[in-house]
Amino acid sequence: MRKRWTRALTAGLVLTMLAGCAGNNGGDAGTHAGGGKTEGGEAAGATKFSISMRTLNVSYVEKNADINKDKYVLELEKKTNTDLDIRLIPHNEYQDKMVQMFATNDIPDVVQGTGGISGPELAGAVENGVFLPLNDLLQEHGQDLLKFIPEEAWKRMTDSKTGNIYGIPEILSNPSRRATWIRTDLLEKVGKEIPTTVEETMDVLRAFKEAGVEQPYAGRQNFKYADTFFGAYDVLGYLNQFKVFPDGKVKPTFFDEENMKQAIGIYKTMHEEGLISKEFATIESADFKSIVTSGKAGMWSMNANELPIWGTQLTENVPDAKVALIPSPVGPDGKGGYAHYNPVTRSFFINAKAKDKAEDIVKFFNWMVSEDAELFFSFGIEGEDYQVTDGKPVFEVPTDAAGADKMRYLNYWLWLVQDTTYNKRVSELSDSGKELISAFDNMLSKEGRRGIEFDPRLEAMVKYPELNPKSDELPPLILEHVLRMVYGREPIEDYGKVLEEYLSKGGNEIIEEATKRFNEKENAFE
């Protein structure tokens with residue numbers, strides 16, 4: 001069954017994070033963010049505020065001539081009595097653009113982050129006092145947020161030294177979000193069963209190759225969403241992929257030398273045999289999606305909640321295509337899957353200079369967890385996108401690519417605070433949606449790699465950029481050598497020397513700090 005998140009903060013958390021807060025001036029999620037109605041019944045003056053948002057590779061957003069004039073943004077403003085100035089940040093340039101934004105001090109009223117308060121994209125903004133502490137504002141105007149968002153997520157938004165909450169999180173209740181996808185029509189064509197092990201998966205990919213599939217396994221730059229086999233061998237090595245080794249030290253999982261060499265060997269074999277694109281190391285997100293949805297790939301990895309959208313786009317291009325989410329191939333320990341996500345997917349911070357409008361901004365976010373918000377973001381505009389019959393919404397799930405893309409925009413991108421695992425209201429209305437629910441509840445909840453994560457990240461990592469990984473990429477130093485090994489430019493047997501180089505360039509400090517923080521339970525999450 002799908003994991004049920006607690007809907008209330010524990011008493012201890014309330015005392016820790018909301019100490020000193022007094023009173024409750026509303027927090028009704030159904031009221032307008034800008035203060036509701038005036039005494040004469042006229043709408044109160046709309047609260048105008050700017051907000052930066054990552055495009056997240058959502059086509060509806062990236063192709064929109066002016067997102068601020070989009071009818072759903074205008075409807076959102078109407079419902080919340082706000083006047084939004086949305087500033088888009090390109091998906092593939094997000095981290096660089098964010099650092100630039102803070103460097104130039106061109107900071108909007110609300111800033112979207114990718115997780116907790118210490119993400120690299122925030123460039124130390126929390127520590128430097130850029131954002132407003134939200135404890136009192138949440139207590140007075142965000143009671144529904146406090147009830148909806150679980151303790152684990154609030155912890156990620158809280159400075160452990162001061163107890164100050166600095167951001168409002170969007171949550172993820174099922175940490176196993178990514179899945180292995182396969183074209184089942186191609187499986188039928190080559191006469192193969194769904195593979196379960198690495199060896200069986202390689203046999204399927206070879207059969208796809210023989211059948212003329214252009215990319216049996218769809219690869220992507222830096223192994224992003226192409227890390228299936230690193231997961232099988234438990235050597236993902238990302239920010240949240242540390243573990244305790246037999247010597248008692250806490251190290252990145254890529255220190256498991258033998259399993260790492262086996263995983264690299266799988267990718268090298270795939271490259272040599274043409275089971276993965278020869279140019280996979282340069283394939284970016286937009287091209288990756290195009291490869292999949294145009295029918296060129298047989299197997300790939302992607303967020304499971306994309307199934308209705310990508311599946312629709314694929315069948316629109318290849319009518320006979322059938323796609324399914326399958327258990328990820330297991331490695332030597334009988335396990336597999338991808339790195340577990342932390343409970344915060346996006347987060348929203350209020351600029352300290354926007355203090356005069358912060359109350360209304362919190363009300364805006366508080367509305368996001370209301371029934372009215374759920375109906376709007378699930379189905380759209382009443383009377384246009386759906387009807388209400390006998391008090392119940394009647395909605396037809398789009399079957400075309402444009403309609404599916406619009407739903408991704410509404411269900412996912414524009415809805416800023418929700419449980420983003422999947423939209424149950426919409427998913428229950430289609431076969432692909434029901435398949436998605438089943439995959440999350442019965443398959444993904446049982447797989448994936450969960451390691452030790454440090455948030456804020458280790459100071460030694462920040463000190464040594466070559467050793468500092470992104471959320472889902474190996475550290476640059478390790479990644480460079482791994483790619484060279486896959487392409488045959490370095491021997492895999494030299495991987496031990498790569499670890500020695502890592503240690504000599506600051507890795508010893510990282511391991512020392514990680515071990516100390518884990519043993520002292522200092523912002524170490526398992």
Side-chain angles (χ1 to χ4, degrees), residues 178 198 219-271 280-281 301 328-333 335-341 448-454 457-458 460-487 489-515 517-518 524-526:
R178 296 186 183 182
V198 171
R220 186 171 153 186
Q221 187 179 48
N222 297 343
F223 300 104
K224 277 180 76 78
Y225 289 95
D227 49 1
T228 305
F229 301 99
F230 289 118
Y233 288 95
D234 195 17
V235 288
L236 291 162
Y238 305 150
L239 275 176
N240 63 351
Q241 294 292 304
F242 282 72
K243 67 180 180 182
V244 181
F245 278 72
D247 60 4
K249 295 182 179 180
V250 177
K251 308 174 187 177
T253 54
F254 56 72
F255 265 83
D256 185 341
E257 185 175 343
E258 291 309 311
N259 276 320
M260 190 67 176
K261 288 194 290 189
Q262 288 190 64
I264 298 170
I266 293 294
Y267 285 99
K268 186 173 189 292
T269 298
M270 291 168 64
H271 182 259
F280 82 90
S301 168
S328 300
V330 300
D333 64 355
K335 300 177 183 178
Y338 305 92
H340 279 183
Y341 280 65
R449 298 295 189 176
R450 189 171 191 84
I452 300 168
E453 179 181 7
F454 300 95
R457 71 176 61 196
L458 301 168
M461 277 188 171
V462 179
K463 183 179 177 181
Y464 301 107
E466 275 192 297
L467 312 184
N468 193 1
K470 294 183 180 179
S471 60
D472 58 354
E473 291 182 21
L474 291 163
L477 183 147
I478 301 294
L479 178 61
E480 179 183 354
H481 284 288
V482 169
L483 284 170
R484 291 179 65 83
M485 289 174 182
V486 169
Y487 276 85
R489 296 168 188 167
E490 286 184 20
I492 295 175
E493 287 306 311
D494 281 356
Y495 183 72
K497 296 179 182 178
V498 177
L499 296 180
E500 291 175 5
E501 182 181 358
Y502 176 93
L503 293 172
S504 69
K505 291 185 173 180
N508 279 315
E509 289 183 44
I510 289 174
I511 292 170
E512 181 180 348
E513 183 184 352
T515 303
R517 278 182 57 175
F518 177 75
F525 301 89
E526 291 185 88

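For clarity, every value in this text was computed on a predicted model and none was experimentally measured.
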Problem set entry | Under 3.5 Å: donor-acceptor pair, side chain of Arg449, backbone of Gly231 | yes
For this session: Say whether, by atom type as modelled, one donor and one acceptor occur between the side chain of Thr253 and the main chain of Phe242 under 3.5 angstrom.
Result: no
Exercise. Are Phe223 and Tyr267 close enough that their ring centers fall under 6.0 Å?
Worked result: yes
For this session: Compute the ring centroids of Phe280 and Tyr487, then answer whether they are less than 6.0 Å apart.
Result: yes
Exercise. Hey, are the side chains of Asp234 and Asn259 touching, using non-hydrogen atoms and a 4.5 Å cut-off?
Worked result: no
Exercise. So, do Tyr338 and Tyr225 sit near enough that their side-chain heavy atoms are less than 4.5 Å apart?
Worked result: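 No - every pair of side-chain heavy atoms lies 4.5 Å or more apart.
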Within a radius of less than 6.0 Å around [atom1] of [X], do more than 12 heavy atoms belonging to other residues, nucleotides or ligands occur?
X      : atom1 : result
Lys249 : NZ    : no
Lys243 : NZ    : yes
Glu501 : CD    : yes
Lys224 : NZ    : yes

Problem set entry | Chi angles and distances behind the side chain to side chain contact (heavy atoms under 4.5 Å, CB included) call for Leu483, Asn222 | CA-CA 8 Å; Leu483 284 170; Asn222 297 343; 4.3 Å; yes
Exercise. Which atoms form the tightest heavy-atom contact between Phe518 and Ala524, and what is the distance?
Worked result: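 The answer is CA-CB, 4.1 Å.
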Exercise. What heavy-atom pair brings Val482 and Leu474 nearest, and what distance separates the two atoms?
Worked result: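 Distance-wise, the nearest heavy atoms are CG2-CD1, 4.3 Å.
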For this session: Please identify each residue that fulfils side-chain contact (heavy atoms from CB on, under 4.5 Å) with His340, with sequence neighbours left out.
Result: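 In terms of side-chain contact (heavy atoms from CB on, under 4.5 Å), with neighbours along the sequence ignored, His340 is linked to Pro175, Ser176, Arg450.
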For this session: Output all residues satisfying side-chain contact (heavy atoms from CB on, under 4.5 Å) with Tyr464, sequence neighbours left out; order by chain, then residue number.
Result: Leu467, Glu509
For this session: Flag this pair as yes if the NZ/CZ of Lys261 is under 6.0 angstrom from the six-membered ring centre of Tyr495 and inside a 45 degree cone about the axis; otherwise no.
Result: no
